[in-house]
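See structure below.
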Amino acid sequence: MNITFIGAGAIGTLWATQLVQAGHRVQVITRAGTEVCRQLVLDSHTVTVPANQPQAITDCDLLMVCTKAYDVMPALQPLIEQLHPDTIIVLMHNGMGPHAQIKTLVSPSQPLLLATTSHGVFSPSQGSYQHTGHGETYIGAANQAGQQCAFVAEVLDHALSPVYWHEAILHQLWHKLAVNCVINPLTAIHQVNNGALLSADYQDTIQLLCQELARVMQADGLATHAEQLKTQALTVARATANNYSSMNRDCYHGRKTELEQITGYLLARAAHHQIKVPTHQALYDAVKQREVQKG
Ligand code: KPL
C-alpha cells in the first residue's frame with residue numbers, strides 16, 4: 001500500500017518503520033515541510049523515506065495522522081481537498097476530541113478511522129527513538145465509510161502485532177483517556193515517573209480521580225466503575241514504571257501539553273452532563289498554570 005504519515009514523532013516513527021519493513025511504500029509529511037527525505041531512527045536502525053513529495057497526499061491509500069492531538073486539525077485541514085475520496089484516514093494520537101472536528105471537514109464517504117496504541121516509545125535524543133514497551137493497538141470506524149475498512153487492522157497487524165478491529169472504538173479511546181487523565185497530569189505536576197504513582201502517597205487522589213471519571217464515562221454510555229479504572233491506571237503505571245509520561249516530558253521541556261485533549265475533554269463531557277469533577281479540575285488548573293509560567 002502507499003502509506004503517508006503526517007507526523008514523524010515517536011508513534012509515527014514506530015509505525016512508519018514497521019510498515020516499511022512489512023513491504024509498504026511509506027512517505028512522511030513533516031512539520032517544516034522542506035526536507036525531501038527523512039531518516040527514521042528506531043532502535044539504532046535507520047530507514048530513509050521520501051518526505052513532503054507533492055503526490056504524498058494525492059496518491060496515498062492510507063493517511064496515518066500521528067501528530068500531537070492539538071496539531072491534528074491544523075495539519076489535516078489544508079490537505080483535505082487534495083485527498084483522493086477513497087483514501088482512508090487514520091487518526092492515532094493521545095487524547096480525544098479532534099475526530100469530531102475532522103468528521104465535519106471530510107465528506108461522509110471518506111473513510112475515517114480512529115486508533116489507539118499502548119506501545120512505549122522513548123526518545124533518547126532528538127529524532128531518535130527506542131521501542132521500550134510492546135503494547136497493543138485497537139482501531140475502528142469513526143464514520144460509516146470507515147466501517148468497510150476492517151482490513152486495515154490486518155495490514156497493521158502484519159507490521160506490528162497485535163492490532164484488533166474494535167466495533168466501539170470510542171469506548172476503547174475513552175478507557176485510554178481515563179488512564180491518561182490519571183497518569184499524565186499527576187506525573188507532570190509532581191515531575192515523577194509513572195512508577196511513582198504506585199506509592200501510598202497518591203492512592204487517595206487516584207481513587208477520587210477514578211470515581212469522578214467513572215461517573216462521566218457512565219453518563220457517556222460506558223459500563224465501567226471506579227475500581228476497574230483504578231486497576232487499569234495502576235497496571236499501566238506499573239508496566240511503564242521507569243517511563244516519564246508525555247505530559248511530564250512536555251512540562252519538563254516547557255512545551256505545549258495535550259492537556260486540552262486529555263483532562264480538557266473529560267471536563268467538557270462532565271460539564272455536558274452537569275457532573276462535578278473537582279479533583280480533575282484542580283489537576284487541570286495546576287498543569288495550565290505551569291504551562292502559562294513556562295510559556
Ligand atoms: O500514554 C501515555 C503517555 O505518556 O501519554 C502513558 C500511557 C501514560 C504512558 O506514559
Side-chain angles (χ1 to χ4, degrees), residues 6-7 10-12 14-15 63-73 76 88-106 111-121 135-147 149-150 152-153 156-157 160 162-185 209-210 212-225 228-233 235-236 239-240 245-247 257-270 272-273 277 280:
I6 304 182
I11 293 299
L14 173 69
W15 277 101
L63 182 66
M64 299 280 295
V65 185
C66 301
T67 61
K68 286 282 195 182
Y70 50 76
D71 274 336
V72 171
M73 187 70 172
L76 205 46
I88 303 163
I89 305 173
V90 179
L91 306 184
M92 192 187 271
H93 57 77
N94 254 350
M96 283 174 82
H99 79 276
Q101 292 169 298
I102 301 299
K103 258 175 103 161
T104 64
L105 268 189
V106 299
L112 180 63
L113 307 182
L114 302 178
T116 177
T117 188
S118 60
H119 286 278
V121 185
E136 48 194 23
T137 302
Y138 291 88
I139 187 163
N143 65 3
Q144 209 165 353
Q147 283 165 15
C149 301
V152 175
L156 297 182
D157 187 67
L160 182 59
V163 179
Y164 306 103
W165 181 256
H166 203 297
E167 291 295 340
I169 191 66
L170 282 177
H171 286 195
Q172 194 65 30
L173 291 183
W174 243 124
H175 277 279
K176 172 71 165 46
L177 186 94
V179 168
N180 286 128
C181 281
V182 174
I183 295 182
N184 293 31
L209 290 170
C210 291
E212 294 174 12
L213 269 163
R215 276 181 221 124
V216 179
M217 290 171 74
Q218 285 161 4
D220 250 6
L222 281 91
T224 188
H225 50 84
Q228 182 193 27
L229 299 176
K230 191 174 171 191
T231 303
Q232 284 171 354
T235 303
V236 173
T240 59
S245 76
S246 53
M247 197 176 285
T257 72
E258 293 174 305
L259 182 69
E260 291 304 335
Q261 292 76 24
I262 296 178
T263 309
Y265 183 83
L266 171 75
L267 298 184
R269 295 312 298 159
H272 176 82
H273 295 297
V277 286
H280 288 280

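A quick note: this is a predicted structure, and the numbers were derived from the prediction, not measured.
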Exercise. Would you call Glu258 and Asn184 a side-chain contact if the rule is heavy atoms closer than 4.5 Å?
Worked result: no

Exercise. Under the 3.5 angstrom rule, does the side chain of Thr240 hit a backbone N or O of Val236 as a donor-acceptor pair?
Worked result: yes

Problem set entry | Shortest non-hydrogen contact from Ile139 toward Ala153 | CG2-CB, 3.7 Å

Exercise. Is the backbone N or O of Gly135 less than 3.5 Å from a side-chain atom of His119, with the two atoms forming a donor-acceptor pair by type?
Worked result: yes

Exercise. Taking side chain as C-beta onward, heavy atoms only, is Thr137 less than 4.5 Å from Leu160?
Worked result: no

Exercise. In Å, rounded to the nearest 0.5 Å, how long is the span from OG of Ser118 to OH of Tyr138?
Worked result: 8.0 Å

For this session: Would you confirm whether Glu167, through its side chain, and Gly140, through its main-chain N or O, come within 3.5 Å as a donor-acceptor pair?
Result: no

For this session: Evaluate the side chain to side chain contact (heavy atoms under 4.5 Å, CB included) criterion for residues Tyr70 and Glu260: first the C-alpha distance (whole Å), next the side-chain angles of each, then the deciding distance (0.1 Å), finally the verdict.
Result: CA-CA 8 Å; Tyr70 50 76; Glu260 291 304 335; over 6 Å; no

Exercise. Between Pro98 and Met73, is any pair of side-chain heavy atoms under 4.5 Å apart?
Worked result: no

Exercise. If we only count heavy atoms from C-beta on, is the Met96 to Gln261 side-chain gap below 4.5 Å?
Worked result: no

For this session: Would you give the length of the straight line joining atom CG of Leu76 to atom CG of Leu91, rounded to the nearest 0.5 angstrom?
Result: 7.0 Å

For this session: May I ask you to test the Met64-Ile6 pair for a side-chain heavy-atom distance under 4.5 Å?
Result: no

Exercise. Atom CG of Asp220 and atom CG of Leu213: how far apart are they, to the nearest 0.5 Å?
Worked result: 11.5 Å

Exercise. Would you say Gln232 and Leu229 make side-chain contact, with heavy atoms under 4.5 Å?
Worked result: yes

Exercise. Which atom pair, heavy atoms only, marks the closest approach of Leu113 to Gly146?
Worked result: CD2-O, 3.5 Å

For this session: Inspect the surroundings of CD in Gln144 and state if more than 12 heavy atoms from other residues, nucleotides or ligands are less than 6.0 Å away.
Result: no

Exercise. So, the side chain of Asp157 versus the backbone of Val163: is there a donor-acceptor pair under 3.5 Å, distance only?
Worked result: yes

Exercise. With no hydrogens and no angle check, is any side-chain donor or acceptor of His99 less than 3.5 Å from a backbone partner on Ala142?
Worked result: no

For this session: Considering non-hydrogen atoms only, spot the tightest contact between Ala233 and Ile183 and give its length.
Result: O-CD1, 3.7 Å

Exercise. Are side-chain heavy atoms of Cys210 and Val182 found at a separation under 4.5 Å?
Worked result: yes

Seminar exercise, completed: Taken to the nearest 0.5 Å, the spacing of Arg215 CZ from Glu212 CD works out to 6.5 Å

Seminar exercise, completed: dist Lys103:NZ -> Ile89:CD1 (nearest 0.5 Å) comes out at 12.5 Å

Seminar exercise, completed: Closest heavy-atom pair, Ala69 versus His93, reported as atoms and distance to 0.1 Å, is CB-ND1, 3.8 Å

Seminar exercise, completed: For Leu266 and Trp174, the nearest pair of non-hydrogen atoms, with its separation, is CD1-CH2, 3.9 Å

For this session: State the CE-CG distance between Met92 and Leu14, to the nearest 0.5 angstrom.
Result: 8.5 Å

Exercise. Sub-3.5 Å donor-acceptor pair from the side chain of Gln218 to the main-chain atoms of Thr224, do we have one?
Worked result: yes

Problem set entry | Check against side-chain hydrogen bond (donor to acceptor under 3.5 Å, both in side chains), Lys68 and Asn94 | CA-CA 7 Å; Lys68 286 282 195 182; Asn94 254 350; over 6 Å; no

For this session: State, to 0.1 Å, how close Pro185 and Thr263 come at their nearest heavy-atom pair, and which atoms those are.
Result: CG-OG1, 3.5 Å

For this session: For a side chain to side chain contact (heavy atoms under 4.5 Å, CB included) with Ile102, tell me which candidate from Asn143, Val65, Leu114, Val72 qualifies.
Result: Val72

Exercise. Is any side-chain heavy atom of Met217 closer than 4.5 Å to a side-chain heavy atom of Arg269?
Worked result: no

